[in-house]
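Here's the structure we're looking at; comments come further down.
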Amino acid sequence: MTDTRVHIAVVGAGFGGIGLAIKLREAGFEDFVVLERSAELGGTWRDNTYPGCACDVPSHLYSYSFAPNPDWSRTYGQQPEILDYLRTVAERHDVVAHMRFDTEVVDASWVEQSRNWRIETNSGVLHADILISAAGVYGDARYPDLPGLDTFEGTAFHSLHWDHDHDLTGERVAVLGTGASAVQFVPEIQPKVDRLLVFQRSAPWIIPRMDRTTSRVERALLRKLPILGKALRGGYYTGIEGFGLVGFVNKGFRHPYEFLGRLQLLRQVRDSTLRARLTPDYMIGCKRAIFSDDYLPALARDNVDVIDDAIAEIREHSIVTSDGVEHKVDTIIYGTGFVVPPAVYGRIHGRDGQSIGDLYADRPQSYLGTAVAGFPNFFSTLGPFGAVGNQSAIYMIECQIRYIVDALVTMRDEKLDRVEVRAEAQEAFLDEVDERSADTVWLTGGCSTTYYRTADGKNAGLYPSWSFEYRDRTSRFDRDAYDLLPSQSTAVGQPNLVRSR
């Protein structure tokens with residue numbers, strides 16, 4: 001098998017990978033590849049095809065600032081439309097040629113002697129000067145650890161791997177989980193099934209979504225007057241940024257949002273007993289609040305049961321709860337979230353042999369969500385503390401892309417072979433995160449388990465401040481936080497490599 005040499009290797013062809021490819025080309029980089037484990041681009045918007053799948057941020061904000069789309073058909077874009085948008089943007093900017101599909105990273109290890117990354121994939125070995133992870137956070141399905149899980153003889157699948165060939169019509173269907181995915185697909189399948197059993201561990205906060213179809217007149221105006229699109233994007237940005245008041249400014253700001261949630265419950269669920277069971281027992285913002293207009297009405301239908309007793313075991317044709325009741329079901333749908341960190345983190349090994357997954361298990365860590373001490377010439381999008389709970393993920397990804405590309409331009413212009421964030425700079429950043437997070441609703445809002453906090457009660461990866469403050473911090477590569485090594489004239493032990501495009 002012939003080894004291949006490339007200057008930059010990007011892992012993942014979702015929003016992060018596509019955006020990186022575009023901005024790398026704009027900065028004059030052509031010697032790079034985007035490694036994608038699937039057969040086409042799209043990331044989470046390729047993989048999640050469950051009924052009702054849509055973004056939970058208005059589409060004019062959940063898109064690249066440099067590639068506005070005036071033709072969104074709804075306020076909140078649905079999965080097929082978002083995937084089509086990504087395809088269109090990638091093709092328009094001519095970056096598909098840089099993508100290597102059906103190519104999964106098996107192992108990536110830093111080689112200090114040659115100052116590059118050795119990347120083993122299912123289709124060969126690649127040597128890259130720079131490695132960038134744009135693999136995303138929610139790419140691997142998580143299943144609950146329940147007795148008898150493998151003994152079920154009916155149909156079972158995770159929302160990430162929806163079985164479109166299986167007809168749910170007339171069945172008794174169990175949904176495990178009430179997170180963002182379940183909130184979207186439950187209203188879609190409820191009218192089809194005979195009985196829907198929703199197993200709820202904790203009730204989510206549901207906030208009005210106010211989704212609607214956009215008119216032809218609106219779309220025409222946005223096409224003719226792009227400034228209207230920028231104004232609309234700015235309005236959405238400001239509204240969503242306001243959630244930071246609850247998240248990390250003062251928990252007292254939660255009351256207007258909780259009032260909206262309770263009003264939604266009162267208006268959409270008339271049965272007081274059911275309404276009480278659907279009322280969260282923690283502060284809003286402690287875990288992800290969900291925007292929906294049709295989830296609560298679906299739960300109030302006659303063919304739906306909300307079950308909040310813990311699951312004791314799964315049998316061949318049923319689910320048994322802790323109260324001893326056996327619930328007969330034909331199909332189980334797992335809406336139980338994702339493995340965090342993603343599996344690829346365990347395959348990227350730094351100069352000491354540790355993987356990012358190993359570090360994450362000890363303590364989620366990074367510098368600005370984009371670099372990790374001990375991992376030279378490595379960058380990432382949406383790494384730990386590179387996401388916020390009060391803004392579109394695409395906004396944060398664009399900030400990180402700008403920072404990463406500026407770092408690579410610095411390396412090129414100054415003829416640097418190796419950059420690595422200093423351990424003391426990373427530790428100072430993590431100390432700042434811990435200090436800012438100490439009294440946030442994420443950690444003190446009454447949640448026991450959540451993506452937002454670790455098992456020992458610390459911030460699990462959210463940046464605890466305003467997204468515009470993060471934008472300013474990442475506007476330029478802060479070289480003082482890094483160890484920089486100039487190019488070596490001859491790489492000792494450098495293998496004989498073939499340079500790819």
Side-chain angles (χ1 to χ4, degrees), residues 1-13 16-17 20-21 24 29-38 98-136 139-140 341-361 365-367 370-381 383 404-405 407-408 411-412 415-421 423 482-501:
M1 185 180 295
T2 303
D3 286 3
T4 302
R5 173 72 184 270
V6 68
H7 182 42
I8 303 166
V10 178
V11 182
L20 272 163
L24 284 171
F29 294 99
E30 290 291 342
D31 186 15
F32 70 89
V33 294
V34 180
L35 308 177
E36 172 52 56
R37 65 181 178 179
S38 297
H98 288 270
M99 296 178 183
R100 304 293 181 262
F101 298 111
D102 294 314
T103 303
E104 183 167 13
V105 173
V106 177
D107 178 84
S109 297
W110 174 254
V111 182
E112 185 65 38
Q113 188 179 31
S114 53
R115 295 185 187 176
N116 66 10
W117 286 90
R118 184 185 185 277
I119 305 167
E120 182 180 346
T121 76
N122 60 335
S123 58
V125 175
L126 186 70
H127 297 264
D129 301 315
I130 310 293
L131 176 63
I132 306 173
S133 172
D140 301 306
V344 72
Y345 277 24
R347 303 171 190 167
I348 301 174
H349 299 86
R351 54 181 167 79
D352 294 330
Q354 275 193 308
S355 73
I356 295 178
D358 293 334
L359 295 177
Y360 200 107
Q365 52 192 285
S366 78
Y367 177 69
T370 61
V372 182
F375 291 75
N377 291 11
F378 173 79
F379 299 95
S380 67
T381 60
I404 292 168
V405 172
L408 301 187
M411 291 183 70
R412 179 184 63 193
K415 296 182 173 54
L416 302 174
D417 260 0
R418 185 179 181 277
V419 301
E420 179 186 345
V421 66
Y482 290 75
D483 287 327
L484 312 174
L485 273 74
S487 296
Q488 48 190 8
S489 57
T490 304
V492 179
Q494 181 80 358
N496 186 18
L497 304 173
V498 179
R499 181 166 288 277
S500 173
R501 179 191 176 194

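- For the pair Val405 and Leu24, the minimum side-chain heavy-atom distance is below 4.5 Å.
- Summarising the geometry of Pro341 relative to Tyr360, their closest heavy-atom pair is CD-CD2, 3.4 Å, with the distance given to 0.1 Å.
- Nearest heavy-atom pair across Ile348 and Ser133 is CD1-CB, 4.4 Å.
- Across all their heavy atoms, Val421 and Val372 have their closest contact at CG1-C, 3.5 Å.
- Proximity of Val10 to His98: side-chain heavy atoms (C-beta onward) are nowhere separated by under 4.5 Å.
- Going from atom CG of Leu485 over to atom CE of Met411 covers 9.5 Å, rounded to the nearest 0.5 Å.
- Ionic pairing of Arg347 and Glu120 is not present here: no N-O contact between side-chain nitrogen and carboxylate oxygen is shorter than 4.0 angstrom.
- For Asn116 (side chain) and His127 (main-chain N/O), no donor-acceptor pair under 3.5 Å exists by modelled atom type.
- Between Arg5 and Asp129, the closest side-chain pair of non-hydrogen atoms falls below 4.5 Å.
- When each of Val11, Leu126, Thr121 is checked for a side-chain contact (heavy atoms from CB on, under 4.5 Å) with Thr103, only Thr121 meets the rule.
- Looking at heavy atoms from C-beta onward, Val33 lies out of side-chain contact with Thr4 at the 4.5 angstrom threshold.
- In this structure the side chain of Arg115 reaches within 4.5 angstrom of the side chain of Trp110, judged on heavy atoms.
- With sequence neighbours excluded, the residues that form a ring-ring contact (aromatic ring centres under 6.0 Å, His included) with Tyr482 are Phe477.
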Query raised in the report: Which is it for Phe32 and Ile132 under the side chain to side chain contact (heavy atoms under 4.5 Å, CB included) test, yes or no, and what are the steps along the way?
Result: CA-CA 11 Å; Phe32 70 89; Ile132 306 173; over 6 Å; no

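- Smallest separation of non-hydrogen atoms from Met99 and Ala13: SD-CB, 4.2 Å.
- In terms of heavy-atom proximity, Trp117 sits nearest to Ser109 at CE3-C, 3.4 Å.
- With hydrogens and angles disregarded, a donor-acceptor distance shorter than 3.5 Å links the side chain of Glu420 to the backbone of Gly374.
- Between Asn377 and Val419 the shortest side-chain heavy-atom distance falls below 4.5 Å.
- Partners of Tyr367 by ring-ring contact (aromatic ring centres under 6.0 Å, His included), not counting sequence neighbours, listed by chain and number: Phe429.
- The closest donor-acceptor contact from the side chain of Asn122 to the backbone of Val106 lies at 3.5 Å or more, if one exists at all.
- Between Phe375 and Leu131 the shortest side-chain heavy-atom distance does not fall below 4.5 Å.
- To the nearest 0.5 Å, atoms CD1 (Ile130) and CZ (Phe378) are separated by 11.5 Å.
- Summarising the geometry of Ala9 relative to Ile119, their closest heavy-atom pair is CB-CD1, 3.7 Å, with the distance given to 0.1 Å.
- With a 4.5 Å cut-off on side-chain heavy atoms, Arg351 and Glu112 count as touching.
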